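What follows is a short report on a single structure.
What you see is a predicted model; the values in this text were computed from it and never measured.
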Amino acid sequence: MQADPVMTTHKPVADIRFSVIVPVYNRIDEVADLLKSLAAQSDQGFEAIIVEDGSTEPCRDVCRRYEGVIDLQYHYKDNEGRSIARNYGILRAGGDYFVFVDSDCILPPDYIATLRRELNTAYSDCFGGPDAAHESFSTLQKAINYSMTSLLTTGGIRGGKVRMEKFVPRTFNTGFSREVYDKVGGFREMFSEDIDMSTRIRLAGFRINLFRSVYVYHKRRVSLRKFWRQVHVFGMSRITLKLLYPGSLKAVHALPALFVLGSLAMIAGAVFWRWWCILPLAVYLLAVWIAGIIATRSLAIGSLGIITSLIQLCGYGTGFLRSYIWKILLGHGRDEAQEIEMRRGR
């Protein structure tokens, strides 16, 4: 049950100071690109807080280059996970509004200025923004970005231009006010911690807005194996969220799992019965290919997008099925949900 809407008060948006909080684990080159983009912001009304979460290759020296260039804090702590690192940064932040981006993101020069303008137009105590592929990204990174944002894959589930469910901010580009933190607490250390956090914010009565113009360039994974692992975990975590919030699982979340089962059935039918059983899958992949070429204006990216889309759907779908069987059908998920519920997110 959702709480009544919260009536919030805040500084005039022109006076709001943002705290950009970034958890880091072995990302020296990425942090260098991120800090360069922060130094180029047209609106410097922010502080940047880098929280090194026990990296074996610290980015301290990179951060030192930007001392005096931007308002920057660097903190090194033992490895405990990205959510705890974000909370560590919140406790050391002096801003009125916390902004969270991943260390593998690059911010457009007007990111802070655009965020301030959006808040001035329609203030929201929590926001999320989309991601895009920068022209400097590799073909693989651009193909992964396409498959993660296309409506033909799971872009509608994740909150693209056309959405199949209520918008949920992602931690590569989101933020909330200090008042939200004071009432809801911080992130809990778990997979899909952004969905958990957004759900708690909604249940507390705060409004969440999608600011389409407040986007980041997100590098995402740099290998197909890492991409598979990432989306497989996404699928597994959807079941954990169902255990925490029983009404949160919708039919749309099962689409990748149905894709996996349906594809296996079509392949088996083509092998053991009639070849044309594979036609629906072939038509779908053709649509993904054509849409990818149109969206990216590149034959190479569109072609590679077929592979990344298959990895995304199959990785997510198999993770969903694996977790559903283990945690729901076999009943092994109750203890995990109770353990997560005990974490305060502070």
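- A side-chain donor-acceptor contact under 3.5 Å links Gln44 to the backbone of Leu38.
- Residues Phe137 and Ile144 form no side-chain contact, since every pair of their non-hydrogen atoms from C-beta on lies 4.5 Å or further apart.
- With hydrogens and angles disregarded, no donor-acceptor distance shorter than 3.5 Å links the side chain of Asp102 to the backbone of His218.
- The salt bridge (Lys or Arg N to Asp or Glu O under 4.0 Å) test with Lys219 is passed by exactly one of Asp104, Asp33, Asp29: Asp33.
- Side-chain contact between Leu243 and Ile328: present, with at least one pair of heavy atoms (C-beta onward) separated by less than 4.5 Å.
- Residues Tyr217 and Phe211 are members of separate hydrophobic clusters, defined by side-chain heavy-atom contacts under 4.5 angstrom among Ile, Leu, Val, Met, Phe, Trp and Tyr.
- Using a 4.0 Å cut-off between a side-chain N of Lys or Arg and a carboxylate O of Asp or Glu, Arg17 and Asp71 qualify as a salt bridge.
- In this structure, Tyr97 and Phe127 have tilted ring planes: the angle between them lies in the 30° to 60° band.
- Side chains of Ser198 and Ile208 form a contact here, defined as non-hydrogen atoms less than 4.5 Å apart.
- Ile239 contributes atom CD1, which lies 14.5 Å from atom CZ of Phe191 (distance to the nearest 0.5 angstrom).
- With ring centers used as reference points, Phe187 lies under 6.0 Å from Phe100.
- In this structure, Arg212 forms no cation-pi arrangement with Tyr215, as its terminal cationic atom is not both closer than 6.0 Å to the ring centre and no more than 45° off the ring axis.
- For the ring pair (Phe, Tyr, Trp, His ring centres under 6.0 Å) test, no residue two or more places apart in sequence or in another chain qualifies with Tyr76.
- Neither Tyr25 nor Met190 shares a network with the other; the hydrophobic side chains, linked directly or stepwise wherever heavy atoms of I, L, V, M, F, W or Y lie under 4.5 Å apart, form separate groups for each.
- With Ser19 contributing its side chain and Ala93 its backbone, the two residues share no donor-acceptor pair below 3.5 Å.
- Proximity of Arg238 to Tyr316: side-chain heavy atoms (C-beta onward) are separated by under 4.5 Å at one or more points.
- In this structure, CD on Glu52 lies 10.0 Å from CD on Glu57, to the nearest 0.5 angstrom.
- Side-chain N or O atoms of Ser150 include none that pairs as donor or acceptor with a backbone N or O of Tyr146 at under 3.5 Å.
- Defined by atom type and a distance below 3.5 Å, a donor-acceptor pair is present between the side-chain atoms of Asp196 and Tyr245.
- Although no hydrogens or angles enter the test, the distance criterion places a donor-acceptor pair under 3.5 Å between the side chain of Arg178 and the main chain of Gly95.
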Might you work through the side chain to side chain contact (heavy atoms under 4.5 Å, CB included) test for Tyr111 and Val101, ending with a clear yes or no? CA-CA 12 Å; Tyr111 177 90; Val101 297; 4.2 Å; yes
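- Crowding of Phe259 atom CZ: a count of heavy atoms from other residues, nucleotides or ligands under 6.0 Å exceeding 12.
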